[in-house]
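Here the structure is laid out as structure tokens; the discussion comes afterwards.
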Amino acid sequence: MALKVKSIRGTRDVVPADAAKWQYVERVALEVAGTCGVEELRVPTIERTELFVRSVGDTTDVVQKEMYTFEKGDESITLRPEGTAGFVRAVMETGLLDGALPVKVCYGNLSCFRHENPQAGRLREFHQFGVECFGCPSPTADAEIIGIVHDICTRLGISGVELHINSIGCPRCRPDYHRALVDYYKAHCGRLCDTCKERLEKNPLRVLDCKEEGCAGLKAGAPVILDYLCGECGEHFAGLQQRLSAVEIPFSVDPFIVRGLDYYTKTVFEFVTEGAGAQGVLCGGGRYDLLVEQMGGSPTAALGFGMGLERVLMVMEAQGCAFPPAKPVDLYIGSMGEAENIKALELAAQLRREGFRVLCDTVGRSVKAQMRYANKMGARFSCILGSSELERGAAVVKDMDSGEGTSAALTGEGLRGFLYGALADPRAFTIGTDK
Ligand code: HAM
């Protein structure tokens with residue numbers, strides 16, 4: 001096939017067999033988050049560019065290099081590169097923050113856009129499941145949020161996931177740390193990339209997550225933030241570790257996690273695993289206690305995480321995790337002529353209203369070709385309507401596996417009775433066989 005227009009590099013189609021896997025992962029994630037009182041909030045894909053510049057930060061790779069931004073009229077608009085900024089705007093703008101706190105909201109399958117170099121696990125359009133929680137300063141909230149990710153991975157059967165945590169302090173402890181970083185990197189200035197030379201002046205923390213070889217090579221000898229935490233940040237971090245131990249979530253402290261986004265304060269964390277592509281980061285998150293105020297709201301402690309769904313699915317495939325079986329077609333109603341085809345459609349409509357998955361001929365094929373198609377679609381049962389079936393008001397319903405036939409009346413009632421007897425309740429949610 002000579003396709004005239006192809007898809008954009010770094011974007012993916014999800015074919016039906018894979019879409020069922022996506023639905024399963026999203027459903028498990030929403031269910032797990034729901035056990036902590038998290039509800040879904042839906043936000044637009046496009047936002048004002050300024051929203052991301054102000055929150056994600058103008059010295060980050062995301063804002064400097066990766067955003068899809070365009071002008072429309074006199075507005076600069078950006079396809080969201082992540083979910084947190086839009087959620088902060090939305091909880092303020094919709095008044096959710098004016099109600100009872102904490103507010104716990106999530107996104108089930110948020111498309112995000114970053115102009116990165118595509119490779120395994122790194123796309124230009126990717127999707128996140130994430131939770132954002134507002135009005136919860138206690139480290140108990142940090143442990144709760146981290147617990148959601150931990151439980152999602154467990155429910156999905158993903159193994160070998162490691163939790164790495166760090167604290168990157170607050171405006172009280174950062175100035176001393178920034179000075180130490182600047183002194184260290186200035187001593188090795190020749191090895192820094194041009195962007196980092198500039199960042200060193202404006203935002204030295206960002207040098208720590210630069211992926212350029214020279215800059216990344218210097219990281220191991222750099223001063224660590226944990227030696228500079230103020231009393232409050234130190235206590236918060238100790239409190240988080242105590243709580244993670246209490247809920248039996250293993251973790252390790254990695255003082256070099258700084259995350260690539262500017263809004264974080266105190267706790268930052270990453271769930272890392274092999275098989276999630278280049279970086280191996282399945283999920284990242286942390287606290288952003290100052291962001292709501294920076295965006296014009298009252299001081300509101302907040303935190304959250306974003307989990308890359310492509311990476312989750314990649315790891316699940318690589319580890320051979322179980323997915324629920326695909327839903328089969330319950331019945332194929334074949335037909336020999338026009339009157340029979342209309343009857344087939346009528347019966348199919350009645351059974352579909354009950355929730356059964358029923359197909360009939362919509363092409364005008366021969367009976368033989370119809371049965372071939374029914375087979376291909378994995379139909380559990382089939383029947384063929386000819387003039388004698390219509391006269392008798394009954395047809396033989398054939399089990400497609402065993403070939404065994406049973407006579408059933410050609411009424412919604414008759415076929416429904418048969419299918420109810422032979423199959424599980426069609427409205428039972430079969431995709432969730434994990435429970
Ligand atoms: P992030 O670390 O930039 O954080 O992204 C979160 C997750 O999205 C990553 O761990 C990864 O699984 C996935 N991801 C990121 N970029 C790509 C990509 N190019 N291709 C495929 N997957 C990708 C955030 O976005 C923050 N908003 C998370 C957060 C929420 N922090 C607090 N609340």
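In listed order, ligands and their atoms are each counted from 1.
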statement: ligand 1 to Tyr264, heavy atom cutoff 4.0 Å, flagged ligand atoms 26 (C), 28 (C), 29 (C), 31 (N), 32 (C)
- request: State whether the side chain of Arg155 and the backbone N or O of Val28 hold a donor-acceptor pair below 3.5 Å, judged by distance alone.
  value: no
message: Testing Glu40, Glu144, Glu132 one by one against Lys104 for a salt bridge (Lys or Arg N to Asp or Glu O under 4.0 Å), which residue passes?
response: Glu144
- prompt: In terms of atom number and element, which parts of ligand 1 are under 4.0 angstrom from non-hydrogen atoms of Gly285?
  reply: 31 (N)
- prompt: Nearest non-hydrogen atom to atom 22 (N) of ligand 1 belongs to which of Phe129, Phe305, Phe271, Phe126?
  reply: Phe126
task: List the closest protein heavy-atom neighbour of atom 21 (C) of ligand 1: residue, atom name, distance to the nearest 0.1 Å.
output: Gly121 O, 3.2 Å
message: Once you restrict to heavy atoms under 4.0 Å, what part of Gln128 touches ligand 1? Side chain, backbone, both or neither.
response: side chain
- request: Among all protein heavy atoms, pick out the one at the shortest distance from atom 7 (C) of ligand 1; state its residue, atom name and that distance to 0.1 Å.
  value: Gly306 O, 3.4 Å
message: Return the closest protein heavy atom for atom 32 (C) of ligand 1 as residue, atom name and distance.
response: Gly304 O, 3.2 Å
field: Proximal ligand 1 atoms for Thr84, defined as those under 4.0 Å from one of its heavy atoms
entry: 26 (C), 27 (N), 29 (C), 30 (C), 31 (N), 32 (C), 33 (N)
query: Would the Phe87 and Tyr107 ring centres measure less than 6.0 Å apart?
result: yes
field: ligand 1 contact by His127, heavy-atom criterion under 4.0 angstrom
entry: no
- prompt: Quick check, are the ring centers of Tyr68 and His115 under 6.0 angstrom apart?
  reply: yes
task: Report the C-alpha distance between Phe305 and Phe271 in whole Å, list the side-chain angles of each, state the deciding distance to 0.1 Å, and finish with yes or no for ring-ring contact (aromatic ring centres under 6.0 Å, His included).
output: CA-CA 10 Å; Phe305 70 81; Phe271 282 81; 7.9 Å; no
query: With atoms numbered from 1 as shown, which atoms in ligand 1 lie under 4.0 angstrom from a non-hydrogen atom of Tyr263?
result: 26 (C), 27 (N)
message: Can you confirm, on distance only, whether ligand 1 has an N/O atom lying under 3.5 Å from any N/O atom belonging to Gly308?
response: yes
field: ligand 1 to Gly83 polar contact by distance, N or O atoms, under 3.5 Å
entry: no
message: Is the contact between Glu132 and ligand 1 made by the side chain, the backbone, both, or neither, using heavy atoms and a 4.0 Å cut-off?
response: side chain
task: Could you tell me which atoms of ligand 1, counted from 1 in the order shown, lie closer than 4.0 angstrom to a heavy atom of Cys283?
output: 10 (O)
message: Within the 4.5 Å heavy-atom criterion, are Val38 and Ile148 side-chain neighbours or not?
response: yes
message: Heavy atoms only, cut-off 4.0 Å: how does Tyr288 contact ligand 1, side chain, backbone, both, or neither?
response: side chain
task: Check if Phe87 has a non-hydrogen atom at a distance under 4.0 Å from any atom of ligand 1.
output: no
query: Strictly under 4.0 Å, does any heavy atom of Gly260 approach an atom of ligand 1?
result: no
- prompt: If we only count heavy atoms from C-beta on, is the Met307 to Val149 side-chain gap below 4.5 Å?
  reply: yes
field: Under 3.5 Å: N/O of Val281 near N/O of ligand 1
entry: yes
- request: Compute the ring centroids of Tyr264 and Phe269, then answer whether they are less than 6.0 Å apart.
  value: no
- request: For ligand 1, note which part of Arg259 has a heavy atom under 4.0 Å away: side chain, backbone, both or neither.
  value: side chain
- prompt: Are any of the N/O atoms in Tyr107 less than 3.5 Å from those in ligand 1?
  reply: no
message: Closer than 4.0 Å to some heavy atom of Leu282 - which atoms of ligand 1 meet that?
response: 10 (O), 12 (O)
message: Checking a contact table here: which protein heavy atom is nearest atom 20 (N) of ligand 1, and how many Å away?
response: Leu123 N, 2.9 Å
query: Just wondering, are more than 12 heavy atoms of other shown residues or ligands nearer than 6.0 Å to CD in Glu50?
result: no
- prompt: So, do Asp194 and Lys197 sit near enough that their side-chain heavy atoms are less than 4.5 Å apart?
  reply: yes
- prompt: Taking heavy atoms and a distance under 4.0 Å, where does Leu261 meet ligand 1: side chain, backbone, both or neither?
  reply: side chain
message: For atom 27 (N) of ligand 1, what's the nearest protein heavy-atom neighbour? Residue, atom name and distance, please.
response: Glu82 OE1, 2.6 Å
message: So if I count the atoms of ligand 1 from 1 in the order they appear, which ones are less than 4.0 Å from some heavy atom of Glu116?
response: 16 (N), 18 (C), 19 (N)
message: Quick check: Phe126 with Phe113 (ring centres under 6.0 Å apart)?
response: no
task: Taking all heavy atoms of Glu82 and all of Leu110, pick out the closest pair and write down the distance.
output: C-CD2, 4.4 Å
message: Counting only heavy atoms from other residues, nucleotides and ligands, does the tally under 6.0 Å from NZ of Lys65 exceed 12?
response: yes
- prompt: For atom 11 (C) of ligand 1, what is the nearest protein heavy atom, given as residue, atom name and distance?
  reply: Arg311 NH1, 3.4 Å
- prompt: Relative to Tyr228, does Arg174 satisfy both conditions: NZ or CZ under 6.0 angstrom from the six-membered ring centre, and within 45 degrees of the ring's axis?
  reply: no
- prompt: Under 4.5 Å between any side-chain heavy atoms of Arg124 and Asn117, yes or no?
  reply: yes
Per-atom contacts of ligand 1 with Gly284, taking only distances under 4.0 Å to non-hydrogen atoms: 10 (O), 28 (C), 29 (C)
- prompt: Applying a 4.0 Å heavy-atom criterion (strictly less than), which segment of Arg114 is in contact with ligand 1: side chain, backbone, both, or neither?
  reply: side chain
message: Using a 6.0 Å cut-off, check whether atom CD1 of Ile46 has over 12 heavy atoms from anything other than its own residue.
response: no
